[in-house]
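First the structure, in the form of structure tokens, and then the observations on it.
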Amino acid sequence: MTAFLVLSLLTAANLRIAPAEGTRFALEVEKTGLLSGKKHLILFEKYSGKLDYDPAAPERSQLTLDIEARSAVIKDDWSPAKGSLEKIYTEMQTSSVLDSAKYPKITFASERITPKGAGTFEVTGPLTIRNVTKPVTVQVTQKGDLYEGTAIVKLSDYKIKAPKAALGAIGTKDEMKVSFTLKPGA
């Protein structure tokens, strides 16, 4: 999904995308029920991608991104109970959510990059999670040499059932916010 950091007037045609200082690739998942107002912050520590950029025609540029599902780390600054972050991590990695043993990669490949003016872009393409592919549109803003982007993705679109606990008194919203700050390099 970092494919969205692509469109400044760079002179390099082939750029690499990887974790670097000051960058991040995250999911924010809001809670429901008794924990309404709280959200899980999940950071992916391992991802890689490639941007083939055409500064003369940004719409012909191409971006690909691979995210390692197992590299997800929960960075919540709250915890409802002792040991709950470990339990949430285990559930996230199992068959009910990411099933990272069976589906180790989350992938994105741009199909269209549209400049929207003033350092903003719209990047669209297929996102694949758990071997389910759906179209996604990402809004990207260039801030110096960094690119910040956001998209909203529904868990149910990828056949992921929103987790619930305490007999349904605590739950997770179906929508999650994908956000990133990336810095492409040569």
Side-chain angles (χ1 to χ4, degrees), residues 1-8 15-32 35-51 61 63-79 85 88-89 92-93 97-98 100 105-130 132-158 160 162-163 171-185:
M1 296 180 172
T2 54
F4 328 120
L5 31 86
V6 285
L7 298 177
S8 66
L15 300 173
R16 185 176 59 83
I17 298 167
E21 187 174 335
T23 66
R24 76 179 205 161
F25 192 88
L27 297 178
E28 295 175 25
V29 184
E30 293 185 35
K31 302 302 291 176
T32 62
L35 295 177
S36 185
K38 303 278 189 190
K39 62 181 151 185
H40 293 302
L41 174 62
I42 301 160
L43 300 180
F44 288 89
E45 296 182 328
K46 295 181 182 179
Y47 52 87
S48 62
K50 181 179 159 190
L51 171 62
S61 299
L63 173 78
T64 59
L65 183 63
D66 291 327
I67 303 159
E68 290 187 30
R70 282 188 186 255
S71 75
V73 177
I74 300 169
K75 293 291 188 177
D76 295 351
D77 58 3
W78 63 276
S79 179
L85 289 182
I88 293 165
Y89 175 81
M92 179 178 63
Q93 294 295 337
V97 184
L98 289 178
S100 60
K105 299 279 184 195
I106 298 168
T107 62
F108 177 83
S110 68
E111 290 181 336
R112 184 173 58 243
I113 298 172
T114 308
K116 293 295 188 179
T120 62
F121 307 91
E122 186 175 88
V123 179
T124 58
L127 173 65
T128 302
I129 303 172
R130 292 175 49 125
V132 176
T133 302
K134 296 287 181 181
V136 172
T137 299
V138 181
Q139 305 303 318
V140 179
T141 302
Q142 180 184 4
K143 294 185 177 183
D145 61 349
L146 297 175
Y147 292 83
E148 295 179 352
T150 60
I152 302 298
V153 176
K154 287 188 173 188
L155 296 170
S156 58
D157 285 348
Y158 296 91
I160 299 171
T172 302
K173 287 188 176 181
D174 185 39
E175 292 184 343
M176 62 182 166
K177 178 181 175 184
V178 176
S179 65
F180 59 82
T181 301
L182 300 169
K183 181 178 180 178

Q: Evaluate the criterion side-chain contact (heavy atoms from CB on, under 4.5 Å) for residue pair V132 and D157; output intermediate values, then yes/no.
A: CA-CA 8 Å; V132 176; D157 285 348; over 6 Å; no
(Q) With rounding to the nearest 0.5 angstrom, report the CZ to CG distance, R130 to L155. (A) 10.0 Å
Q: For residues L98 and A69, report the shortest heavy-atom separation together with the two atoms involved.
A: CD1-O, 4.0 Å
Q | Closest non-hydrogen atom pair, V178 against V153 | A | CG2-CG2, 3.8 Å
Q: Grab the two heavy atoms, one from D145 and one from K183, that are nearest each other, plus how far apart they are.
A: OD2-CE, 2.9 Å
Q | Q142 (side chain) donor-acceptor with G144 (main chain) under 3.5 angstrom | A | yes
**Q.** Residue pair R70 / S100: nearest heavy atoms and the distance that separates them
**A.** CG-OG, 3.3 Å
Q.
Given F108, which partner from the list V123, T128, T64, D66 fulfils the side-chain contact (heavy atoms from CB on, under 4.5 Å) test?
A. V123
(Q) Can you classify the ring geometry of Y47 versus F25 as parallel (below 30°), tilted (30 to 60°) or perpendicular (above 60°)? (A) tilted
Q. What closest approach, in Å, do G117 and T120 show between heavy atoms, and which atom pair accounts for it?
A. O-OG1, 2.6 Å
Q. For the atom pair CD (E148) and OG1 (T23), what is the distance rounded to the nearest 0.5 Å?
A. 11.5 Å
(Q) Is there a side-chain contact between P19 and E45 in this structure, where contact means two heavy atoms from C-beta onward sitting under 4.5 Å apart? (A) no
(Q) Nearest 0.5 Å, please: how far is NZ in K46 from NZ in K105? (A) 9.0 Å
Q. Which distance, rounded to the nearest 0.5 Å, do you find between the OG of S179 and the CZ of R24?
A. 4.5 Å
(Q) Can you give me the closest heavy-atom contact between K50 and I17, atom names plus distance? (A) N-CD1, 4.4 Å
Q) When rounded to the nearest 0.5 angstrom, what is the spacing between CG in D174 and CD1 in I152? A) 11.5 Å
**Q.** Interatomic spacing from NZ in K154 to CD1 in I160 - rounded to 0.5 Å
**A.** 14.0 Å
Q: Would you check if Q139 and E122 make a side-chain contact, meaning some heavy-atom pair closer than 4.5 Å?
A: yes
